[in-house]
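As structure tokens, the structure follows; a few thoughts come after it.
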Amino acid sequence: MYEKKASRPIPKRSFRARILRHALVVSLILSVALGMGVVGYHLFAGLDWIDSLLEASMILGGMGPTQALHSTGAKLFASFYSLFSGLVFIGTASLLLAPFVHRLLHSFHFEEEL
């Protein structure tokens, strides 16, 4: 996916395109994760769509819940969704940082021919 150690770093235009591709993948992952949360809170907690969106957004963003949940199914869903959201956060942060970290490390290891 990325250039090899012996090759030159890619031009800035290609690097910006790589960052954009990563951002699009992250946006897709976050959209799917948010959609799963909205549907889950709507079905399991009986919240209306806007409250489900708020609850899922707050959990996915790491802010915490906004409403008390009363049913066992809603509490189980919220606990699993919270764990899932933590993993999504770590994964998407890694995807966003990967091009920058790779370029930095590549600049240290690239051996230019004399």
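Side chains are part of it too, since the values below use all heavy atoms of this structure and drop only hydrogens, waters and symmetry mates. Predicted model only: the values in this text are computed from it and were never measured. Here, residue 1 is the first one in the sequence, and each next residue gets the next number.
Atom CD1 of I50 is surrounded by 12 or fewer heavy atoms from other residues, nucleotides or ligands within 6.0 Å. Enclosure of atom CZ in F15 by more than 12 non-hydrogen atoms of other residues, nucleotides or ligands within 6.0 angstrom is indicated.
Atoms CZ and OG, on F80 and S85 in that order, are 13.0 Å from each other to the nearest 0.5 Å. F89 CZ to I29 CD1: the interatomic distance, rounded to the nearest 0.5 Å, is 13.5 Å.
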Report all side-chain donor-acceptor pairs from residues 53-63 shorter than 3.5 Å, counting only partners two or more places apart or in another chain.
{"unit_1": "E55", "atom_1": "OE1", "unit_2": "T66", "atom_2": "N", "d": "3.3"}
{"unit_1": "E55", "atom_1": "OE1", "unit_2": "T66", "atom_2": "OG1", "d": "2.6"}
{"unit_1": "E55", "atom_1": "OE1", "unit_2": "Q67", "atom_2": "N", "d": "3.3"}
{"unit_1": "E55", "atom_1": "OE2", "unit_2": "T66", "atom_2": "N", "d": "3.1"}
{"unit_1": "S57", "atom_1": "OG", "unit_2": "L53", "atom_2": "O", "d": "2.7"}

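Proximity of R18 to H102: side-chain heavy atoms (C-beta onward) are separated by under 4.5 Å at one or more points. Counting only heavy atoms from C-beta outward, the side chains of F44 and S71 never approach each other to under 4.5 Å.
The cluster map of Ile, Leu, Val, Met, Phe, Trp and Tyr, joined by side-chain heavy atoms under 4.5 Å apart, puts L95 and L97 in different clusters. Note on V39: it clusters hydrophobically with L30, by side-chain heavy-atom contacts below 4.5 Å among ILVMFWY residues. Under the 4.5 Å side-chain heavy-atom criterion for Ile, Leu, Val, Met, Phe, Trp and Tyr, L105 and I19 are members of distinct hydrophobic clusters. At a threshold of 4.5 Å between side-chain heavy atoms, the hydrophobic network of Ile, Leu, Val, Met, Phe, Trp and Tyr places F100 and V26 in two separate groups. If you chain together hydrophobic residues whose side chains sit under 4.5 Å apart, L96 and L34 fall into the same group.
Scanning all heavy atoms of the two residues, the minimum distance from L69 to A74 falls at CD1-O, 3.6 Å. The shortest non-hydrogen separation linking A98 to H22 is CB-CE1, 4.2 Å. The two residues I90 and S94 have their closest heavy-atom pair at O-OG, 2.8 Å.
Every pair tested for side chain to side chain donor-acceptor pair (under 3.5 Å) that includes a residue from residues 35-46 fails, sequence neighbours excluded, so the list is empty.
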